[in-house]
Amino acid sequence: MAAPVASAANPLRVQVLVFEGVEEQDFAGPVEVLGIAGRRSNGALTSTLVTPDRPGGITCNFGTRLEVAKGWSPHEADVLVVPGGGLASREGSAVRRLIEDRRFLRRLADADLLHVGVCTGSTVLAAAGLTRGRNATTHTSDKAYLAAQGANVINARVVDDGDLITGGGVSSGLDVALWLVERFLGAQLAQGVETIMEYERRGTVWRA
């Protein structure tokens with residue numbers, strides 16, 4: 001079994017992006033998994049909610065209000081998790097609004113970190129050019145959009161293409177986050193998190 005990559009002395013710093021209209025389950029699943037993993041690993045993993053720009057309040061897809069204390073800083077993260085919020089092909093959707101933020105997309109494309117897309121969050125990564133020529137997945141309804149942006153669409157629950165990880169479907173954030181825990185902190189910790197959450201991972205992790 002491979003030794004964990006991260007440790008309390010060298011923690012894996014994960015930022016989870018939230019934005020106006022974000023899908024609750026897309027980010028809540030990863031936040032729960034990563035939070036438990038951080039505690040059980042004595043701080044070998046840290047997770048922080050961030051906005052695309054400056055701190056402030058947001059309203060999620062189903063009306064949940066969040067006050068977010070930090071804006072996204074690429075220099076303070078090793079991993080950025082981008083959740084979804086509606087379809088990229090739907091005018092006015094939360095994801096579409098984020099895709100139209102050209103400044104954010106430039107920052108996203110330039111960031112030297114592990115990019116993670118959950119559900120239609122993968123289409124945001126695609127809009128930044130990060131999935132072009134890469135293996136990736138997204139929600140079933142947006143796989144055609146992802147392919148049109150040049151991705152090699154894989155029909156798997158989680159697709160690990162090295163410095164790009166994507167998950168398909170709203171609840172796939174749980175499986176994506178558990179895979180992150182396993183990849184960087186080991187299978188034993190990931191299994192322990194599953195036991196606490198009384199959740200069993202679904203589908204396949206496809207690795208390049």
Side-chain angles (χ1 to χ4, degrees), residues 1-19 22-58 60 64-85 98 104 107-119 121-122 124-125 128 130 158 160-167 171-199 201 205:
M1 181 181 298
V5 176
S7 66
N10 183 35
L12 182 71
R13 303 168 302 163
V14 184
Q15 293 187 339
V16 180
L17 188 75
V18 288
F19 47 90
V22 66
E23 179 77 28
E24 280 92 338
Q25 179 60 47
D26 281 11
F27 74 86
V31 165
E32 182 81 9
V33 168
L34 299 172
I36 294 171
R39 288 180 180 176
R40 288 182 65 86
S41 65
N42 297 316
L45 182 153
T46 64
S47 58
T48 309
L49 284 179
V50 295
T51 64
D53 191 5
R54 57 181 59 87
I58 65 163
C60 305
T64 306
R65 285 286 298 169
L66 294 176
E67 286 295 328
V68 186
K70 290 183 69 69
W72 173 47
S73 174
H75 305 296
E76 296 179 359
D78 305 301
V79 180
L80 178 68
V81 178
V82 181
L98 198 57
F104 172 72
R107 293 176 66 219
L108 191 60
D110 291 341
D112 183 18
L113 44 67
L114 171 57
H115 294 90
V116 178
V118 174
C119 194
S122 300
V124 178
L125 302 183
L130 293 165
V158 179
D160 184 335
D161 199 44
D163 60 356
L164 173 69
I165 298 176
T166 51
S171 61
S172 70
L174 290 162
D175 303 288
V176 167
L178 284 162
W179 171 243
L180 275 174
V181 173
E182 179 172 338
R183 176 171 155 178
F184 289 98
L185 296 171
Q188 185 173 354
L189 179 60
Q191 186 178 36
V193 175
E194 285 186 67
T195 299
I196 290 172
M197 295 185 68
E198 297 191 0
Y199 174 78
R201 280 183 270 187
V205 175

(Q) Any heavy-atom pair between the side chains of Tyr199 and Leu178 that's under 4.5 Å? (A) yes
Q.
How close do Ala8 and Pro11 get, counting heavy atoms only, and between which atoms?
A. O-CD, 3.6 Å
Q.
Is there a side chain to side chain contact (heavy atoms under 4.5 Å, CB included) between Leu174 and Met197? Walk through the geometry before answering.
A. CA-CA 10 Å; Leu174 290 162; Met197 295 185 68; 3.6 Å; yes
Q) What distance separates Leu180 CG from Leu12 CG, expressed to the nearest 0.5 Å? A) 7.0 Å
Q. Does Asp53 offer a backbone N or O that forms a donor-acceptor pair with the side chain of Arg107 under 3.5 Å?
A. no
Q | Donor-acceptor pair, side chain of Ser172 and main chain of Asp175, under 3.5 angstrom | A | no
Q | Gap between atom OG of Ser41 and atom CZ of Phe184 - 0.5 Å precision | A | 13.5 Å
Q: Considering non-hydrogen atoms only, spot the tightest contact between Ala128 and Ala109 and give its length.
A: O-CB, 3.5 Å
**Q.** Glu194 (side chain) donor-acceptor with Arg201 (main chain) under 3.5 angstrom
**A.** yes
Q.
Looking at Asp78 and Arg13, would you say the former's side chain and the latter's main chain have a donor-acceptor pair under 3.5 Å?
A. yes
Q: For Arg40, look at atom CZ and say whether over 12 heavy atoms of other residues, nucleotides or ligands are found less than 6.0 Å away.
A: no
Q.
Does atom CZ (Arg54) have a neighbourhood of more than 12 heavy atoms from anything else shown, all under 6.0 Å?
A. no
Q) Can you check whether Leu17 reaches Phe104 side chain to side chain, under 4.5 Å on heavy atoms? A) yes
Q | Chi angles and distances behind the side chain to side chain contact (heavy atoms under 4.5 Å, CB included) call for Ile58, Val22 | A | CA-CA 9 Å; Ile58 65 163; Val22 66; 4.2 Å; yes
Q) What's the spacing between Ser47 OG and Glu32 CD if we round to 0.5 Å? A) 10.0 Å
Q. Of all heavy-atom pairs between Gly84 and Asp26, which one has the smallest distance, and what is that distance?
A. N-OD2, 2.8 Å
Q) Between CH2 of Trp72 and CG of Leu113, what distance do you get to the nearest 0.5 Å? A) 6.0 Å
(Q) Give me the atom names and distance for the closest heavy-atom approach of Pro52 to Leu98. (A) CG-CD1, 3.9 Å
Q. Just how far is it from atom CG of Leu114 to atom CZ of Arg183, taken to the nearest 0.5 Å?
A. 5.5 Å
Q: For residues Ala44 and Ala6, report the shortest heavy-atom separation together with the two atoms involved.
A: O-CB, 3.5 Å
Q. Are any of the side-chain heavy atoms of Cys60 and Leu66 separated by less than 4.5 Å?
A. yes
Q: Look up atom OG in Ser122 and atom CD1 in Ile165, then write down how far apart they are to the nearest 0.5 Å.
A: 11.0 Å
Q) If you look at every heavy atom in Pro55 and Gly71, which pair is closest and at what distance? A) CG-N, 3.9 Å
